[in-house]
Student: 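Here you go, one structure.
In what follows, chains carry the letters A, B, and so on, assigned in the order in which the sequence lines appear, proteins first and then strands, with residues in each chain numbered from 1. Since the model is a prediction, treat every value here as computed from it, not as a measurement.
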There are 2 protein chains.
Amino acid sequence: MNLPPLVQTFVLHFGEMGGRWGVNRTVGQIYAVLFVSPQPLNADEIVEALGVSRSNVSMGLKELQAWNLVRLQHKPNDRRDYYSAPEDIWQIVRTLVEERKKREIDPTLSMLREALMARPESELERHAQERMREMHDLMDMMSDWYDDIRRIETERLVQLMKLGSRITRVLEAADRLNFMSPRKKKPEADDAPSES
Amino acid sequence: MNLPPLVQTFVLHFGEMGGRWGVNRTVGQIYAVLFVSPQPLNADEIVEALGVSRSNVSMGLKELQAWNLVRLQHKPNDRRDYYSAPEDIWQIVRTLVEERKKREIDPTLSMLREALMARPESELERHAQERMREMHDLMDMMSDWYDDIRRIETERLVQLMKLGSRITRVLEAADRLNFMSPRKKKPEADDAPSES
DNA sequence: CCGATATTTCAGAAAAATCTGAAAGTTCGG
DNA sequence: CCGAACTTTCAGATTTTTCTGAAATATCGG
């Protein structure tokens, strides 16, 4: 591997982490190199940087394209393909979340939906199905939530995150202002309208 | 494998998914079985259900304990260990997020912090470090955000999720009402944390 | 169409992970 | 302290995943 130590540590770490994130080590390393590179790189430059085989890089780039994590571009008078990671790191996060949802959540949701159609034949199955329903409902709600907030623009998202748990105070205000649809919250002990 | 078809599909699916989530197939399957089981199970019952070796189950259960995903309990007049998944599915989600953060985010953050200390020796390193800083800042913010919202109680979280993107409307109100006071800077590594 | 340049495919090699059975370890009542 | 009932450990077998080199395929300017 032919990289300055600073970059090498970063690349190796992403290689390791890649494993936990559903891609192999090489794919993780390729992405790390692209991420820190000031310009787009072609496949041979990546081979040079990482010291893995050309074919391995080719497969890795293909996988990164399947994940929508890299952009392919060309230089004038150069037939080679050049790849880069998006400038905007928030865009990267969005893509990552989107793709992981597509690969993990969506298939699980559809498996659960199928399972919930079946008619339980025993008490054991009845209980199992009950648990699956809980899981389905939770994931379904998260899925809806994601579909909703993914449309919020980045700056607003940052604002929300910085607000953190103080959001709940805002939520109390929301209750009072009836921002929320049908659900009604039980009022706290309040001195204004006391009966008995 | 000795399970009703309904449950079997669920268990096999979680075996597959387990791989993507940093645990092996057997661990995923064990958890699936515990999740749908009406009572706690002992190791031999799991062996029976999944048709894998006793030692494999033993290692799987050990790993699930390392993830804090199972509870160990005992029955009167029975020396065997009985395992169960928590009743509360939200508790399961919280644990999963907590542990995944611990294993993926935290190590990455500390690698990045290290890398940001180094002095860049070239333009290439300078740019790489710049990108790492972007990544660090984003992850750090998410980490702070998580530390903050994890303390919100479940019911409130559900309320927030149901609110979805309408939260931005509330946020506009927040701007006007000046809810956003200057945020307390998080304390640096300090081993004598004071009560909230 | 040719030859040069570039990329992809893929069968088998290499490496990594998972799983197993046997043995060792632990804990208990008596 | 013993033996029965359980659990854990671990070296090697098995399976799965990853990686490579060689061959095939594609694309371009001339």
Student: I'd like to check the side chain to side chain contact (heavy atoms under 4.5 Å, CB included) partners of A:D44; sequence neighbours left out, ordered by chain and number.
Tutor: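 Residues passing side chain to side chain contact (heavy atoms under 4.5 Å, CB included) with A:D44: A:N42, A:R54.
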Student: Under the salt bridge (Lys or Arg N to Asp or Glu O under 4.0 Å) test, which residues partner A:D137, sequence neighbours left out?
Tutor: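 Here no residue qualifies.
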Student: For nucleotides 16-30 of chain C, give me one character per nucleotide, 5' to 3': B if any protein heavy atom sits under 4.0 Å from the base, S if the only such contacts are to the sugar-phosphate, - if neither.
Tutor: --SSBB-----BS--
Student: Mind calculating the distance between CG (B:D44) and P (D:dT8) to the nearest angstrom?
Tutor: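 Atom-to-atom, B:D44 to D:dT8, this comes out as 12 Å.
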Student: Any base atoms under 4.0 Å from B:D81, or only sugar-phosphate, or nothing? Heavy atoms, all strands.
Tutor: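 If one applies the 4.0 Å heavy-atom cut-off, B:D81 turns out to touch the sugar-phosphate alone, with no base involved.
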Student: Tell me, please, which residues at least two apart from B:S37 pass side chain to side chain contact (heavy atoms under 4.5 Å, CB included).
Tutor: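 B:S37 satisfies side chain to side chain contact (heavy atoms under 4.5 Å, CB included) with B:Q39, B:L41 only.
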Student: Could you tell me the separation between the CG atom of A:D78 and the C1' atom of D:dG29, rounded to a whole number of Å?
Tutor: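 Distance check: A:D78 CG to D:dG29 C1' gives 14 Å.
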Student: Specify the separation, in whole Å, of atom CD1 of A:I30 and atom C1' of D:dT18.
Tutor: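 Value for this atom pair: 12 Å.
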Student: Salt bridge between A:K101 and A:E98, side-chain N to carboxylate O under 4.0 Å?
Tutor: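 A salt bridge is absent here (no side-chain N lies under 4.0 Å from a carboxylate O).
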Student: Atom CD of A:Q29 to atom P of D:dC19: distance rounded to whole Å?
Tutor: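 Between P of D:dC19 and CD of A:Q29: 8 Å.
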Student: Any side-chain N or O of A:K62 under 4.0 Å from OP1/OP2 of C:dT7?
Tutor: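 The answer is no; no side-chain N or O of A:K62 sits under 4.0 Å from OP1 or OP2.
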Student: Starting at atom CD of A:E16, determine the distance to atom C1' of C:dA15, rounded to an integer number of angstrom.
Tutor: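 Nearest whole value for this atom pair: 14 Å.
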Student: Report the distance from atom CD of A:E63 to atom C1' of D:dT18, rounded to the nearest whole Å.
Tutor: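 That distance rounds to 11 Å.
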Student: Scan the side chains in residues 90-97 of chain A for donor-acceptor partners under 3.5 Å anywhere in the protein, sequence neighbours excluded, and list what turns up.
Tutor:
unit_1	atom_1	unit_2	atom_2	d
A:Q91	NE2	A:T95	OG1	3.3
A:R94	NH1	A:R150	O	2.8
A:R94	NH2	A:I152	O	2.8
A:R94	NH2	A:T154	OG1	3.2
A:T95	OG1	A:Q91	O	2.9

Student: Measure the distance from CD on A:Q65 to C1' on C:dT8 and round it to the nearest whole Å.
Tutor: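 In whole Å, C:dT8 C1' and A:Q65 CD are 12 Å from each other.
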Student: Atom CE of A:M1 to atom P of D:dC19: distance rounded to whole Å?
Tutor: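 Computing the A:M1:CE to D:dC19:P distance gives 11 Å.
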Student: Taking only distance into account, with no hydrogens and no angle test, what donor-acceptor pairs under 3.5 Å do side-chain atoms of residues 22-30 of chain B form with protein atoms, sequence neighbours excluded?
Tutor:
unit_1	atom_1	unit_2	atom_2	d
B:N24	OD1	B:T26	N	3.1
B:N24	OD1	B:V27	N	2.9
B:T26	OG1	B:N56	ND2	3.3

